[in-house]
Amino acid sequence: MLRGLTTISFYAHDVVAARDWYAEFLGVRAYFQRPEQGDPAYVEFRVGDYQHELGVIDARFAPDGWSAENGGAIVYWAVDDLEATWERLLEMGATPFEKPTERGPGFVTASVRDPFGNILGVMVNHHYMDVLAGRKG
């Protein structure tokens, strides 16, 4: 049974550049790095209301068949302002993968390809907000 989001793993040929790009976009520094000194092979951020993990792994450790040109599943992160997030991603050098699209009342998705070839999805999702409101109340 699926219990919830744990770690999203993105791959990059330049982990330092990816770490710095995501730190700027997220507004937080990676809290974890291996190795601890020198150029990292893995960095990790804690993101959002539930502190989900976003990891960036050196592409040399990617599974067979991984390619920066071919994305896999799209994971959508809940955002408060999809248009502002979309614009910020594009300003930071991401390229459109799928423009903002309404999927039904209370559900809007968009996705970009980050500068490292990963597909990053963002979404306004009323169900997520309902669950969050229930946990806080």
A.B. asks: Are any non-hydrogen side-chain atoms of Tyr42 and Val56 less than 4.5 angstrom apart?
C.D. replies: no

A.B. asks: Would you say Tyr31 and Arg46 are linked by a side-chain donor-acceptor pair, where the criterion is simply a distance under 3.5 Å?
C.D. replies: yes

A.B. asks: Rounded to the nearest 0.5 Å, what separation is found between the CZ atom of Phe97 and the CG atom of Asn118?
C.D. replies: 11.5 Å

A.B. asks: Do the side chains of Val16 and Val43 join up, straight or via other hydrophobic residues, at under 4.5 Å, putting them in one cluster?
C.D. replies: no

A.B. asks: With under 30° as parallel and over 60° as perpendicular, where do the rings of Phe116 and Trp21 fit, or are they tilted in between?
C.D. replies: perpendicular

A.B. asks: Less than 4.5 Å apart, side chain to side chain, heavy atoms only: is that true for Leu90 and Pro96?
C.D. replies: yes

A.B. asks: Look at the side chain of Gln33 and the backbone N and O of Ala30, then say whether any donor-acceptor pair between them is shorter than 3.5 Å.
C.D. replies: no

A.B. asks: Which residue pairs pass the salt bridge (Lys or Arg N to Asp or Glu O under 4.0 Å) test when at least one of the two sits in residues 8-21, sequence neighbours left out?
C.D. replies: none

A.B. asks: Please walk me through it: do Phe107 and Glu102 pass side-chain contact (heavy atoms from CB on, under 4.5 Å)?
C.D. replies: CA-CA 6 Å; Phe107 297 94; Glu102 184 170 341; over 6 Å; no

A.B. asks: Compare all side-chain heavy atoms of Phe25 with those of Leu120 and state whether any distance is below 4.5 angstrom.
C.D. replies: yes

A.B. asks: Nearest 0.5 Å please: distance from the CZ atom of Arg135 over to the CG atom of Asp49.
C.D. replies: 10.5 Å

A.B. asks: With a 4.5 Å limit on heavy-atom distance, are the side chains of Trp77 and Ile8 in contact?
C.D. replies: yes

A.B. asks: Within this structure, what is the OG1-CE distance for the pair Thr101 and Met123, rounded to the nearest 0.5 Å?
C.D. replies: 11.0 Å

A.B. asks: Check Lys99 against Trp86 and note the closest heavy-atom contact, atom names and distance.
C.D. replies: CA-CH2, 3.5 Å

A.B. asks: Students often mix this up, so state it plainly: with edges at 30° and 60°, are the rings of Phe10 and Tyr22 parallel, tilted or perpendicular?
C.D. replies: tilted

A.B. asks: Within a radius of less than 6.0 Å around CD of Gln51, do more than 12 heavy atoms belonging to other residues, nucleotides or ligands occur?
C.D. replies: yes

A.B. asks: Closer than 3.5 angstrom, by distance alone: can the side chain of His13 be matched with the main-chain N or O of Ala59 as a donor-acceptor pair?
C.D. replies: no

A.B. asks: What heavy-atom pair brings Ala12 and Ala18 nearest, and what distance separates the two atoms?
C.D. replies: CB-CB, 3.7 Å

A.B. asks: Quick one, Glu53 and Phe45 - any side-chain contact, counting heavy atoms below 4.5 Å?
C.D. replies: no

A.B. asks: Please examine the side chains of Thr95 and Val112, heavy atoms only from C-beta on, and report whether any two atoms are closer than 4.5 Å.
C.D. replies: no

A.B. asks: Just by modelled atom types, is the Gly117 backbone N or O under 3.5 Å from a matching donor or acceptor in the Asp114 side chain?
C.D. replies: yes

A.B. asks: So how far is it from Arg29 CZ to Leu26 CG, rounded to the nearest 0.5 Å?
C.D. replies: 13.5 Å

A.B. asks: With no hydrogens and no angle check, just 3.5 Å: does a side-chain donor-acceptor pair link Arg103 and Thr109?
C.D. replies: yes

A.B. asks: Taking all heavy atoms of Leu82 and all of Val122, pick out the closest pair and write down the distance.
C.D. replies: CD1-O, 3.6 Å

A.B. asks: From Thr7 OG1 over to Glu44 CD, what is the distance, rounded to the nearest 0.5 angstrom?
C.D. replies: 5.5 Å

A.B. asks: Quick one: are Ile57 and Val15 in side-chain contact, heavy atoms under 4.5 Å?
C.D. replies: no

A.B. asks: Below 4.5 Å, heavy atoms only, C-beta onward: do Glu83 and Pro100 meet side chain to side chain?
C.D. replies: yes

A.B. asks: Ignoring hydrogens, what is the shortest heavy-atom contact between Pro35 and Ala41? Give both atom names and the distance.
C.D. replies: CD-N, 3.7 Å

